[in-house]
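First the structure, in the form of structure tokens, and then the observations on it.
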There are 2 protein chains.
Amino acid sequence: MGERNTLGRRDTLGRRDTLGRRDTLGRRDIVRAALTIVESDGVKSLTMRKLAADLGVAVTAIYWHIGNRDALLDALIEEEMAGWNAIRPTGSSSQARIVSFARVLRKRLLARRNIVEMVSERGLIFDIFIPTYEVLAGEFLSAGLDESQAALAVRTIQHHVVGAVVLQRRVEGHPQGRAASSVASKTVSKTVSKSEELGEFPDEASVVTKLALAIPTEKVFEYSTKLLVASLLAN
Amino acid sequence: MGERNTLGRRDTLGRRDTLGRRDTLGRRDIVRAALTIVESDGVKSLTMRKLAADLGVAVTAIYWHIGNRDALLDALIEEEMAGWNAIRPTGSSSQARIVSFARVLRKRLLARRNIVEMVSERGLIFDIFIPTYEVLAGEFLSAGLDESQAALAVRTIQHHVVGAVVLQRRVEGHPQGRAASSVASKTVSKTVSKSEELGEFPDEASVVTKLALAIPTEKVFEYSTKLLVASLLAN
DNA sequence: ACCTGAACACCGTTCAAGT
DNA sequence: ACCTGAACACCGTTCAAGT
């Protein structure tokens, strides 16, 4: 499978003719072109045939260099991972710095949503967080947590931020959830009438439901992040 | 597109011959068979051709009843949604009941992971939570929160649980993350040496990193849920 | 060493045709 | 009204063949 190009790693990427056009195809040309497609149109749009067309070669040329589509995705992820470095949070208090850290990381991830989607589909979404383990651990340690507390705190932030991003990715794009339409609204009214029958909870409950549905995900993230960080620090 | 079977909704599902075999194909037969495939093998395995083979009909018969693959997925989701009812949490204190609620919901969602994956791919993952809005809102209200606080609290729990499930789905199955292998470990050691260069944080930071990587996601969920609920209730 | 073209087994979808 | 068969345009992948 991968034995073809293990020696030939000298990567002919730079070899170009007098006009600057690519002379012979290189592994990096392929990865670059593939990343471009994923960035703009998502993983699903990355077909071997489209990629070949973009590069102006036959499909089979890609197979020679990369192996197959799976290996191509691996290559994309390796390339992507290399570009992720640690985030340096800003702020005076530990609290403020960790919250800002979470905010910045979330923004970065959302900025590359299509790539993140690809990474996440391969089960490697956690790994993108690893470069920042040290800096976050340092923050919690200097805030007075012991090592095992800090470890749990780091993982908690990781889950919180990455979970939020993956979730967001799945909510957007689609008609902003059917929160107020068809299936969902049917379910809501069904639940409302059921709890009214049972008379277990006050009528305010359905008021809360309506309020809750109107809260933008961004605000939920802000709120829960602050809460979480505050209680992580209050050991 | 959908005008074919809008009147013919009498759904011939029950029509069977003397041996109990299906006589003529019905919409519900199709949905049921499709759900079975998704449950056991995931959405990707649900191809129109395989479904037709399972049902013992030509592919085009499905198109007559359903429309196309997209409409089929819609039908599956509608069926699935109808089966989701509210969760009744157990426990004496509000704290304990809300935590148990989160735990149970997570378990339920993980038990139907392939279906949840499908729902989530269609951007409807939030809606599966809606039947439980009322009961959760009631808990927070009777714990003393006002309506807008309760609304935020409900959404926070929703994000927390659903985010955790979606995340989990993306981490498992794959070689349990490359947390200790190839790409990731390279990144870790790079980060370690970098922070050593900078000398910004104590050496214990990398100890924390190792500890953090070893924590199972289940434990992270337990820990962060308790923290979150506790601080949501301490208004 | 590097690339092409033809071919295979799979998709989703459409359409004319049967009963 | 309900279902079939053939066909089309797409996939990923393999392989013999060219230079």
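Rounded to whole Å, atom P of C/dC3 lies 13 Å from atom CG of A/Leu51. Straight-line distance from the CZ atom of B/Arg27 to the P atom of D/dC2: 13 Å, rounded to whole Å.
Contact check on A/Glu218 versus A/Arg106 returns a salt bridge, with a Lys/Arg side-chain nitrogen under 4.0 Å from an Asp/Glu carboxylate oxygen. Taking the charged nitrogens against the carboxylate oxygens, B/Arg32 and B/Glu79 have no contact shorter than 4.0 Å, which rules out a salt bridge.
Distance NE2/A/His160 to OG1/A/Thr225: 3.0 Å, rounded to 0.5 Å. The OH atom of A/Tyr133 lies 8.5 Å from the CG atom of A/Asp127; values are rounded to the nearest 0.5 Å. In this structure, OG1 on B/Thr209 lies 9.5 Å from CG on A/Leu136, to the nearest 0.5 angstrom. Here the CZ-CG distance, from B/Arg69 to B/Leu73, works out to 5.0 Å after rounding to the nearest 0.5 Å. Considering CD of A/Gln158 and CG of A/Leu105, their distance stands at 9.5 Å, rounded to 0.5 Å.
B/His65 has a side-chain polar atom (N or O) that falls below the 4.0 Å cut-off from OP1 or OP2 of D/dC3.
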Between protein and nucleic acid, restricted to nucleotides 16-19 of chain C and to nitrogen or oxygen atoms under 3.5 Å apart, what atom pairs and distances do you find?
none

What pairs of nitrogen or oxygen atoms, one from the protein and one from nucleotides 10-14 of chain D, lie under 3.5 Å apart?
| residue | atom | partner | partner atom | Å |
| --- | --- | --- | --- | --- |
| D/dG12 | OP1 | A/Met48 | N | 3.2 |
| D/dG12 | OP2 | A/Met48 | N | 3.1 |
| D/dG12 | N7 | A/Arg49 | NH1 | 2.3 |
| D/dG12 | O6 | A/Arg49 | NH1 | 3.3 |
| D/dG12 | O6 | A/Arg49 | NH2 | 3.3 |
| D/dT13 | OP2 | A/Tyr63 | OH | 3.2 |
| D/dT13 | OP2 | A/Arg69 | N | 2.9 |

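Between B/Phe129 and B/Phe101, the angle of the ring planes goes over 60°, which puts this pair in the perpendicular group of the 30/60° scheme.
For C/dA6, the paired nucleotide is D/dT14, the pair qualifying as Watson-Crick or G-U wobble because both relevant distances are below 3.5 Å.
Minimum atom distance to the side chain of A/Trp64 is reached by C/dA1, of the listed C/dT4, D/dC3, C/dA1.
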